[in-house]
Amino acid sequence: MRLNRRQTLAAALAAGTAASLPAMLRAQAAVPAASSAGAPEFLTPFEHASLMLTLGGQRILVDPVGDAGQYAAAGTPTAVLVTHEHGDHFDPDTLAAIVTEGVALVVNPAVAEKLPEDLRARATVMANGDSGEVAGIPIEAVPAYNITPERMQYHPQGRDNGYVLTSPDHGRIYIAGDTEATPEFRAQADIAVAFVPMNLPYTMEVDQAVEGVAEMAPRMVIPYHHKGSDPAEFAEKLQATGAGTEVVIVDWYPASDNPTGE
């Protein structure tokens, strides 16, 4: 089954005892079903990998690049997170316009070294494995890297971050960043919403994303950073595994009529 843009596909848990099974067994016990559920109300998508989460009244902006005006229109952020240094995630000029007085900035060590001096002095640097709070919300910096030999030059292990935010209202939200289905990706536990990349050659292909998400077993997954890959194909293949994960397809490429964003 193919989905049109902005439509969603969900795989719901079977009623009754399935909900009480451990996560690894729930995927086998789930009964896939269509759903008309839309994107979560706390998500404001921009383009490709740029997004805003509104959690507990706090606006968390992730990987803003390009025209700062589009982000200002969504409201002043409480905090800005940057996953890594590539130009579709990190734009010093955009950050300079957005990270005004009182706006927290969280970056990985490699981005910190590339920041203008004034922003570097204000940034909180988080490396893989670090944890803390941003805007009163618990945050963990988790590894994001390539494991396929011919892709490892793009995102070497230990450099880049994904982030897990724990919202009191929405649970654990995993922004994977640019990664493949690494052991750390697969091992993420009790994830309510996972933002998962799937574009070649920089992250992972659809089949690898399906395999990794099925093992992680988040309650909801939102494909993003998927230029060149069809999120509907991902939804179909994940549904076919019997995974009990809802797939929400969001329009990350509004300027394109092609669902792959190309």
Side-chain angles (χ1 to χ4, degrees), residues 45-53 60-66 68 71 77 79-99 103-117 119-132 134 139-165 173-188 191 193-205 208-209 212 222-229 252 261:
F46 293 102
E47 185 173 1
H48 189 57
S50 302
L51 60 99
M52 180 182 282
L53 302 174
I60 312 296
L61 183 59
V62 183
D63 285 348
V65 298
Y71 307 109
V80 177
L81 312 181
V82 180
T83 60
H84 67 289
E85 64 197 63
H86 289 168
D88 53 341
H89 298 261
F90 169 53
D91 184 333
D93 292 336
T94 305
L95 290 179
I98 292 172
V99 183
V103 178
L105 175 62
V106 176
V107 301
N108 69 318
V111 165
E113 293 178 1
K114 298 177 184 300
L115 287 171
E117 185 176 347
L119 286 179
R120 187 184 310 125
R122 297 168 51 194
T124 296
V125 181
M126 297 187 73
N128 292 177
D130 288 347
S131 61
V134 60
I139 183 172
E140 305 162 43
V142 299
Y145 60 98
N146 289 111
I147 54 177
T148 302
E150 61 268 25
R151 303 176 203 161
M152 291 174 68
Q153 74 271 24
Y154 299 120
H155 307 96
Q157 187 172 3
R159 188 190 68 185
D160 303 339
N161 286 344
Y163 295 105
V164 177
L165 297 164
I173 300 172
Y174 176 32
I175 304 154
D178 277 15
T179 190
E180 293 187 59
T182 65
E184 295 90 346
F185 177 97
R186 295 166 183 266
Q188 289 299 318
I191 298 296
V193 182
F195 290 87
V196 173
M198 55 191 76
N199 74 317
L200 295 178
Y202 305 105
T203 62
M204 50 185 151
E205 60 189 0
Q208 189 189 27
I222 300 177
Y224 85 138
H225 196 292
H226 65 74
K227 193 166 188 177
S229 298
W252 295 100

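Every heavy atom of this structure was used, including side-chain atoms; hydrogens, water molecules and symmetry mates were not. Everything numeric in this text was worked out from a predicted model, so none of it was measured.
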Considering all heavy atoms, the nearest Lys227-Gly261 contact: CE-O, 3.3 Å
Shortest non-hydrogen contact between Val80 and Pro77, atoms and distance: CG2-CG, 4.1 Å
For the student: nearest non-hydrogen atoms of Ala181 and Gln208, plus distance: N-NE2, 3.6 Å
His84 versus Asn161, side-chain donor and acceptor atoms under 3.5 Å: no
Close side-chain approach of Leu115 to Val107, heavy-atom, < 4.5 Å: yes
Met126 versus Gly132, closest heavy-atom pair with distance: CE-N, 4.2 Å
CZ on Arg120 to CZ on Arg122, rounded to 0.5 Å: 13.5 Å
Rounded distance [0.5 Å steps], CG in Leu51 versus CD1 in Ile60: 11.0 Å
Any donor-acceptor pair under 3.5 Å from Trp252 side chain to Ser50 backbone: no
Check: Thr148 main-chain N/O paired with Asn146 side-chain donor or acceptor under 3.5 Å: no
Any Val142 side-chain heavy atom under 4.5 Å of Asn128 side chain: no
Donor on one side chain, acceptor on other, Thr83 and Asp63, under 3.5 Å: yes
Distance (rounded to the nearest 0.5 Å) between Leu95 CG and Lys114 NZ: 13.5 Å
His86 and His155: side chain donor to acceptor below 3.5 Å: yes
Phe195 side, atom CZ; Ile222 side, atom CD1 - distance, nearest 0.5 Å: 4.0 Å
Shortest non-hydrogen contact between Ala144 and Gly162, atoms and distance: CB-N, 3.8 Å
Pairing residues for Arg186 by the salt bridge (charged side-chain N to carboxylate O under 4.0 Å, His left out) criterion, not counting sequence neighbours: Glu211, Glu215
Side-chain touch Asp178/His89, heavy atoms, less than 4.5 angstrom: yes
From CA spacing to verdict: side-chain contact (heavy atoms from CB on, under 4.5 Å), Asp160, Thr179: CA-CA 9 Å; Asp160 303 339; Thr179 190; over 6 Å; no
Pair Phe46 and Tyr71, ring centroids less than 6.0 Å apart: yes
Working for side-chain contact (heavy atoms from CB on, under 4.5 Å), residues Tyr163 and Val134: CA-CA 11 Å; Tyr163 295 105; Val134 60; over 6 Å; no
Gap separating the CG atom of Asn108 from the CG atom of Leu81, nearest 0.5 angstrom: 11.0 Å
Throw together a table of side-chain donor-acceptor distances under 3.5 angstrom for residues 196-205, partners on residues two or more places apart or in other chains.
from: Asn199; atom 1: OD1; to: Thr203; atom 2: OG1; distance (Å): 3.1
from: Asn199; atom 1: OD1; to: His225; atom 2: ND1; distance (Å): 2.9
from: Thr203; atom 1: OG1; to: Asn199; atom 2: N; distance (Å): 2.8
from: Thr203; atom 1: OG1; to: Asn199; atom 2: O; distance (Å): 2.9

side-chain contact (heavy atoms from CB on, under 4.5 Å) assessment of Tyr174 paired with Phe185: CA-CA 9 Å; Tyr174 176 32; Phe185 177 97; 3.4 Å; yes
Close side-chain approach of Val65 and Phe90, heavy atoms under 4.5 Å: no
Nearest-0.5 Å distance that lies between atom CG in Asp91 and atom CD in Glu85: 14.0 Å
N/O donor-acceptor pair under 3.5 Å between Glu184 side chain and Pro143 backbone: no
Closest non-hydrogen atom pair, Ile98 against Val103: O-CG2, 4.0 Å
